[in-house]
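If you're wondering where the values come from, they're calculated on a predicted model, not measured in any experiment.
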Amino acid sequence: MDFTHTEDRRMISDSLRRYLADQYGIEHRNQAAYEAPFHDASKWAELAELGILGALVTEDQGGFGGHGFDIAVVFEELGRGLCPEPMLGNLLALRLYAALGQSDRVDAIVAGTARAALAVHETDAFVDLDEISIEANGSGDSVTLTGRKSVVYGGNSADHILVVAKNASGLGLYEIAPGDADVMGYAMIDGGGAAEVILENTKATTLSENARGIIEAALDAGRLALCAEAVGIMDVLRDTVKDYLLQRQQFGRPIALFQALQHRLVDFSIEIEQARSIVILAASKLGAEDRALHIARAKNLIGRAGKLVAEEAIQMHGGIGMTWEYGASHYAKRLIMIDAQLGDTEDQLRTSMELAAA
C-alpha cells in the first residue's frame, strides 16, 4: 500500500505548519489557552480560511477530504503547534452533521462562521455508551432533556451543541441551543476549553432517534485525531530533547555524548516510530468494518508511548523541563492529557480485546 500523501494533503500540512509557527507561538498559545474563551477566535477564523475544517469532511458532504489520512495530517500539525483551538469538538460535530445530511450546519462550520460540540460524556459514562443515563422526553419537535453532560470539548464556545441521549429506539442525537442550557466553561489542565452542560427540561431538536452507529464512528474519528496529534507532539519533544542534549554541557562537553542519554533518546525515538506506524494503519482503516478494533489498538499504544516520551523528555531536561516558560513542559502535559480523552489506555485495551474476541 502506498502511504505517500496526496498533493492536497501535503499542501494542508505545509500551510498549517507554517501558519502555526508564524501565528501561534508558545507564548501566544499559553495566553490564549488558559484565558476565556480558551482559544483565539481570530485565529479560528483564519484556520477556516486556510481550509483546515474542510479537510475533515468529504467532498460530497461539503468539504474536500474527510478520510482517515486527512484527519491525521491536520491533527498531527495541530499537535506540533500545540494548538488549543476547539478542533476536536468541531470534528466530532462535523462528522455527525455530515452523516445526517445537515448541510447548512456543515457549511457554516467549514466556513468558520459557527462552532459546534458533542455532549456525550457523563460523570458515570465516559467510555461505554450503554452507561448514558440522560433520557429524551417526548418525540419529534417536542423533546426535552434533563441531566448533566461533562467535559464537552469546545462546548464553552459552541454555537450549537449535539447531545446524546437515550430513547425508546436506543441512542438518539439531539441539538440544543447553548442559551437554553446552563453551560459552564473552563480551561482544561493542559489548556483549551471544555464545558459542563446542565440540562433542565431543555428544549431539543431531534436529529436522529437511532444514531448509535454514527456516534461511534464520530468518536473513532476523534480518537484517530488524538493519536495523530500525539505523534506530532512526540516529534517536537524528540527534537527539543536532542537540541537540549547538544547544547547542555557537563565536564566540558555536551551531554549528548554520554552513552546512557544516547540510549534513552534512541529508545523513545523507537517508540515514536511505532506510534507513527500504528496511526498510519488506523487512518487507513477509518472507513473499514474493523475500524473500531484498529483505532482502539492505536489509542492504547499511543497512551503508553506518550507517557514514556513525556516522562523521558522531562527527566532528560532536568529541572528546566518542569518550568512554565519552557515549551517542553506544555507539550508533555498535553501528551499525557491525550490519553485521558475519549477513553484511556485501559479502556482501549478492554475494547480491543472485546472486539478481537467477537
Side-chain angles (χ1 to χ4, degrees), residues 37-38 53 56-57 61 86-106 108-109 114-186 188 192-223 225-226 341-343:
F38 315 116
L53 291 155
L56 305 180
V57 288
Q61 294 171 334
M87 197 66 71
L88 178 61
N90 280 273
L91 167 67
L92 299 174
L94 260 177
R95 303 291 289 193
L96 290 167
Y97 279 131
L100 293 171
Q102 298 284 324
S103 58
D104 290 345
R105 291 285 190 258
V106 172
I109 295 171
R115 291 185 291 270
L118 174 64
V120 59
H121 301 312
E122 299 175 9
T123 53
D124 294 323
F126 263 92
V127 179
D128 191 348
L129 296 179
D130 290 330
E131 295 177 348
I132 288 175
S133 61
I134 290 181
E135 296 185 6
N137 298 312
S139 60
D141 295 331
S142 301
V143 174
T144 59
L145 304 172
T146 298
R148 177 172 182 155
K149 290 293 185 178
S150 295
V151 196
V152 180
Y153 302 121
N156 60 296
S157 60
D159 300 295
H160 313 286
I161 297 178
L162 297 177
V163 180
V164 179
K166 295 194 302 184
N167 58 40
S169 301
L171 283 180
L173 189 65
Y174 305 88
E175 184 185 71
I176 66 166
D180 292 338
D182 186 3
V183 179
M184 299 181 293
Y186 53 85
M188 296 186 293
E196 302 295 296
V197 178
I198 311 300
L199 307 165
E200 186 65 38
N201 290 323
T202 302
K203 294 180 181 180
T205 301
T206 303
L207 298 184
S208 175
E209 292 186 343
N210 189 2
R212 186 183 186 106
I214 61 172
I215 293 168
E216 290 176 341
L219 291 173
D220 277 341
R223 294 181 183 109
L226 289 169
Q341 294 183 277
L342 303 185

Might you point out which heavy atoms bring Ala117 and Ala93 nearest each other, and give the distance in Å?
-> N-CB, 4.0 Å

Correct closest heavy-atom pair for Leu207 and Gln102 would be CD2-NE2, 4.0 Å

Would you be so kind as to tabulate the donor-acceptor pairs closer than 3.5 Å made by side chains of residues 171-179, with sequence neighbours excluded?
unit_1 : atom_1 : unit_2 : atom_2 : d
Tyr174 : OH     : Asn167 : ND2    : 2.7
Glu175 : OE1    : Arg105 : NH2    : 3.0
Glu175 : OE2    : Tyr97  : OH     : 2.4
Glu175 : OE2    : Arg105 : NE     : 2.8

Would you say the side-chain atoms of Asn156 pair up with the backbone N or O of Tyr186, donor to acceptor, closer than 3.5 Å?
-> no

Determine all donor-acceptor pairs shorter than 3.5 Å in which one atom belongs to a side chain in residues 129-137; sequence neighbours excluded.
unit_1 : atom_1 : unit_2 : atom_2 : d
Asp130 : OD1    : Arg212 : NH1    : 2.9
Asp130 : OD1    : Arg212 : NH2    : 3.2
Ser133 : OG     : Glu122 : OE1    : 2.7

Non-hydrogen side-chain atoms of Val183 and Val152 separated by less than 4.5 Å = no

State whether the side chain of Lys149 and the backbone N or O of Val164 hold a donor-acceptor pair below 3.5 Å, judged by distance alone.
-> yes

Roughly how far apart are Ser157 OG and Asn90 CG, rounded to 0.5 Å?
-> 7.5 Å

In short, Asp159 meets Ala114 closest at the heavy-atom pair OD2-CA, 3.3 Å

Here the pair of heavy atoms bringing Gly343 nearest to Val127 is CA-CG2, 3.8 Å

Heavy-atom distance under 4.5 Å between the side chains of Ile109 and His160, does that happen here?
-> no

Looking only at atom types and distance, does a side-chain atom of Arg95 sit under 3.5 Å from a main-chain N or O of Ala217, one as donor and one as acceptor?
-> no

Starting at CD of Glu216, measure out to CG of Leu219 and round the result to the nearest 0.5 Å.
-> 8.0 Å

Note: Leu199 and Thr202 closest approach over all heavy atoms is CA-OG1, 3.4 Å

How far does CG of Asp180 sit from CG of Asn201, to the nearest 0.5 angstrom?
-> 12.0 Å

Qualifying residue for side-chain contact (heavy atoms from CB on, under 4.5 Å) with Leu118, from Val163, Leu92, Leu91 = Leu92

Does the side chain of Tyr153 come within less than 4.5 Å of Met188's, by heavy atoms?
-> yes

Taking the side chain as C-beta and beyond, is there a heavy-atom pair between Val143 and Thr205 under 4.5 Å?
-> no

Closest non-hydrogen atom pair between Ala204 and Leu145, with its separation = CB-CD1, 3.8 Å

NE2/His121 to CD/Glu196 distance, rounded to the nearest 0.5 angstrom?
-> 11.0 Å

